[in-house]
Amino acid sequence: MSLSTIGRRTLQSFNVRSQVRTLATLNSQVKQRAANQPARFPYENWYKNVIESKKDDKSYRYFRNVNRLAQEFPMAHSSDGKMINVWCTNDYLGMGGNEEVLTAMHTALDKYGACSGGSRNISGHNQFAVSLETTLANLHRKEAALYFGSGYTANDCALTVLGQQLPGCVFLSDESNHASIIDGIRHSGAKKLIWRHNDLVDLEKKLASLPQKVPKIICFESIYSMCGTVAPIFEICDLAKRYGALTFLDEVHAVGLYGVHGGGIAEHLDFSANAAGSPDDTVLSSIDIITGALGKGYGTMGGYVAGSSDLVDMIRSLSRGFIFTTAPPPSTMAGAEAAIRYQSDNPKERIQLHTNVRRVKEHFLKHGLPVLPNTSHIVPLMVGDSQLCKKVADILFDDYGIYAQPINTPSVPVGMERLRISPTAAHAAEHQDVLIRALVKIWDELGLKKRDEWAKDQGWETTGLENPIWTEKQLTLMSYACW
């Protein structure tokens, strides 16, 4: 081997050793700097701990893969193809598969495409939005309406703008109001007073504590979805007039299901006057602001606020949640309007719905099942424990092909967990009988509390069937109208 070759190899070996020493020095310096710096926050561990805490207190929510069949409502299929009877849908009337609704959506989809193209302010405003909002305003006999992508957004945006724009505004909110109302009030930054659920004495006491000239808004729902209770709307309107307050009524779980034309509880309360076409000086005319949703009784998607022209224009002009979001597609708006028009002229589905609700409640009570008393279409079946509630739901799904979602905190207080049973217009007697037999057997097998125990503990004095919102006379009258 030549001297030159040996020299080159010696030099290469030296360079390698030098690089190794350099890398070692750099690694040492990096480790030293890392040791001198605070540790990075353990983000992923934190997320995991939050979820584990939800699982530990039994409030963690499990989603079921359930795929509704438009032409076989209320049936669906699970992820493995198993047929499931859905008993917890908000599509109470089956409008999601209504022929007129689907035709309107297909027509708009084929001609105008799947996207609105932008926000309402930038290319997303169209004939379908204009027509739908006109129909919504007419439904509630208001000057104007504004359509949003969801009922939650409608409440949040409307209340945020009101609280920010009315100087010194004070909200008076029912303690059982939906999260969207709570969040809208919070986002407005305005002062709020919480009054006990449906307690007129407490509401008046709080109204009386405020100066007459202070802007104040009474926020409440017509039907509270987790308990089914109905607001004393007439009396609330009377208090609002006496103390100079505005009324903000959420009709989300009532539109399409109540009233001569499906206008909700406010329309239903003056049933005869509205049936005769004399809507002046009614409860409906006394409500200042009405919000609703189209994904429940109307089986499509979206929410809205209806009121005076200037009110609606103010919300349209100032609401960030309206301005900075893409408008729903034309097909959705076309389907929503078709559903409203259909229900306005065809009451047979809501007649059948309330007939089915009455039968289910009667049979539950006959077997001692603990139905939380109310006069609406909501059927809360009390369990009182989150783990047991999930177990009942699992047995129904796995053994009987019935889907009823367990309801736990934060939707309801701890200890008041329940199944929220939702009969629909399409749940025939044979469907009802399968559900009733299954629940009776499960209640006995698990030793769950029956109605008598719940009534004693909670002070239930009625069943709710004594004075339902839809009376026999009204159902009969509307039945004749169908023919």
Side-chain angles (χ1 to χ4, degrees), residues 92-93 95 135-142 145 198 200 220-225 228-241 247 249-293 296-298 306-307 339-359 361-362 373-379 423-425 462-483:
Y92 302 113
L93 304 176
M95 295 303 293
T135 298
L136 288 167
N138 292 338
L139 176 68
H140 297 293
R141 301 190 183 278
K142 301 302 178 191
N198 279 353
L200 294 168
F220 60 108
E221 301 177 38
S222 59
I223 295 178
Y224 293 84
S225 63
T229 52
V230 180
I233 300 177
F234 178 83
E235 292 81 359
I236 291 173
C237 288
D238 183 59
L239 287 175
K241 184 177 181 180
T247 47
L249 175 62
D250 178 320
E251 288 264 33
V252 163
H253 282 273
V255 288
L257 312 184
Y258 297 87
V260 178
H261 306 98
I265 298 294
E267 184 193 30
H268 198 97
L269 291 175
D270 292 294
F271 196 92
S272 298
N274 286 303
S278 306
D280 297 330
D281 196 27
T282 59
V283 173
L284 185 59
S285 65
S286 300
I287 300 293
D288 297 294
I289 307 161
I290 291 178
T291 62
K296 296 177 173 61
Y298 292 123
I340 297 169
R341 292 187 179 279
Y342 177 90
Q343 280 302 324
S344 181
D345 297 332
N346 299 278
K348 62 179 182 295
E349 282 89 359
R350 56 183 178 274
I351 294 171
Q352 190 60 56
L353 166 68
H354 292 285
T355 301
N356 292 349
V357 167
R358 194 164 303 183
R359 184 178 187 272
K361 284 187 176 182
E362 287 173 348
N374 66 68
T375 60
S376 72
H377 64 285
I378 306 294
V379 188
T424 71
T462 67
T463 65
L465 289 176
E466 299 88 351
N467 190 29
I469 301 173
W470 272 98
T471 66
E472 289 290 348
K473 181 178 179 181
Q474 291 168 350
L475 289 172
T476 302
L477 177 65
M478 295 301 284
S479 295
Y480 283 128
C482 290
W483 299 100

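Reckoned from all heavy atoms, side chains included, excluding hydrogens, waters and symmetry mates.
The two residues Val357 and Ser376 have their closest heavy-atom pair at CG1-O, 4.0 Å. Of all non-hydrogen atoms in Gly228 and Ile378, the two that sit nearest each other are CA-CB, 3.6 Å. Of all non-hydrogen atoms in Gly259 and Glu267, the two that sit nearest each other are CA-OE1, 3.3 Å. The minimum heavy-atom distance linking Thr375 with Gly464 is given by the pair CG2-O, 3.6 Å. Thr135 approaches Arg341 most closely through the heavy-atom pair OG1-NH2, 3.2 Å. The two residues Ile287 and Phe220 have their closest heavy-atom pair at CD1-CZ, 4.4 Å.
Between His268 and Trp470, the ring centre distance stays below 6.0 Å.
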Practice prompt. Under the side chain to side chain contact (heavy atoms under 4.5 Å, CB included) rule, what do Ile223 and Tyr258 come out as? Steps first, then yes or no, please.
Written response: CA-CA 11 Å; Ile223 295 178; Tyr258 297 87; 3.3 Å; yes
Worksheet item: Given the rule in the side chain to side chain contact (heavy atoms under 4.5 Å, CB included) test, do Val230 and Asn374 qualify, once you have shown the distances and angles that lead to the verdict?
Response: CA-CA 8 Å; Val230 180; Asn374 66 68; over 6 Å; no
Item to complete: Evaluate the side chain to side chain donor-acceptor pair (under 3.5 Å) criterion for residues Asn356 and Lys361: first the C-alpha distance (whole Å), next the side-chain angles of each, then the deciding distance (0.1 Å), finally the verdict.
Response: CA-CA 9 Å; Asn356 292 349; Lys361 284 187 176 182; over 6 Å; no
Practice prompt. Please report the C-alpha distance between His354 and Leu257 in whole Å, then the side-chain angles of each, then the deciding distance to 0.1 Å, and finally whether the side chain to side chain contact (heavy atoms under 4.5 Å, CB included) criterion is met.
Written response: CA-CA 9 Å; His354 292 285; Leu257 312 184; 4.3 Å; yes
Worksheet entry | CA sep, side-chain torsions, deciding dist, call: Arg350, Met478, side chain to side chain contact (heavy atoms under 4.5 Å, CB included) | CA-CA 10 Å; Arg350 56 183 178 274; Met478 295 301 284; 4.2 Å; yes
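In this view, Asn198 and Asp174, Tyr224, Thr229, Ala231, Pro232 satisfy the side chain to side chain contact (heavy atoms under 4.5 Å, CB included) rule, not counting sequence neighbours. Scanning for side-chain hydrogen bond (donor to acceptor under 3.5 Å, both in side chains) contacts around Thr247 gives Asp288, with sequence neighbours left out. Scored by the side chain to side chain contact (heavy atoms under 4.5 Å, CB included) test, Pro468 finds Arg358 as partners (sequence neighbours excluded). Residues passing the side chain to side chain contact (heavy atoms under 4.5 Å, CB included) test with Thr471, sequence neighbours excluded: Lys473, Gln474. Listed by chain and residue number, Leu365, Arg451, Leu465, Glu466 satisfy the side chain to side chain contact (heavy atoms under 4.5 Å, CB included) test with Thr463 (two or more places apart in sequence, or in another chain).
The CG atom of Asn138 sits 10.0 Å away from the CD1 atom of Ile340 when rounded to the nearest 0.5 Å. Here the NZ atom belonging to Lys296 is positioned 15.5 Å from the CE atom belonging to Met95, to the nearest 0.5 angstrom.
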Donor-acceptor pairs are to be reported for all side-chain atoms of residues 249-256 against protein atoms at under 3.5 Å, with residues two or more places apart or in another chain.
{"unit_1": "Asp250", "atom_1": "OD1", "unit_2": "Val252", "atom_2": "N", "d": "2.8"}
{"unit_1": "Asp250", "atom_1": "OD2", "unit_2": "Asn155", "atom_2": "ND2", "d": "2.8"}
{"unit_1": "Glu251", "atom_1": "OE1", "unit_2": "Ser222", "atom_2": "OG", "d": "2.7"}
{"unit_1": "Glu251", "atom_1": "OE1", "unit_2": "Ile265", "atom_2": "N", "d": "3.0"}
{"unit_1": "Glu251", "atom_1": "OE2", "unit_2": "Ile265", "atom_2": "N", "d": "3.3"}
{"unit_1": "Glu251", "atom_1": "OE2", "unit_2": "Ala266", "atom_2": "N", "d": "2.9"}
{"unit_1": "His253", "atom_1": "ND1", "unit_2": "Tyr92", "atom_2": "OH", "d": "2.8"}

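With hydrogens and angles left out, the side-chain atoms of Arg141 and Ser285 include no donor and acceptor closer than 3.5 Å.
Counting heavy-atom neighbours within 6.0 Å of Asp345 CG, excluding the residue itself, gives a total above 12.
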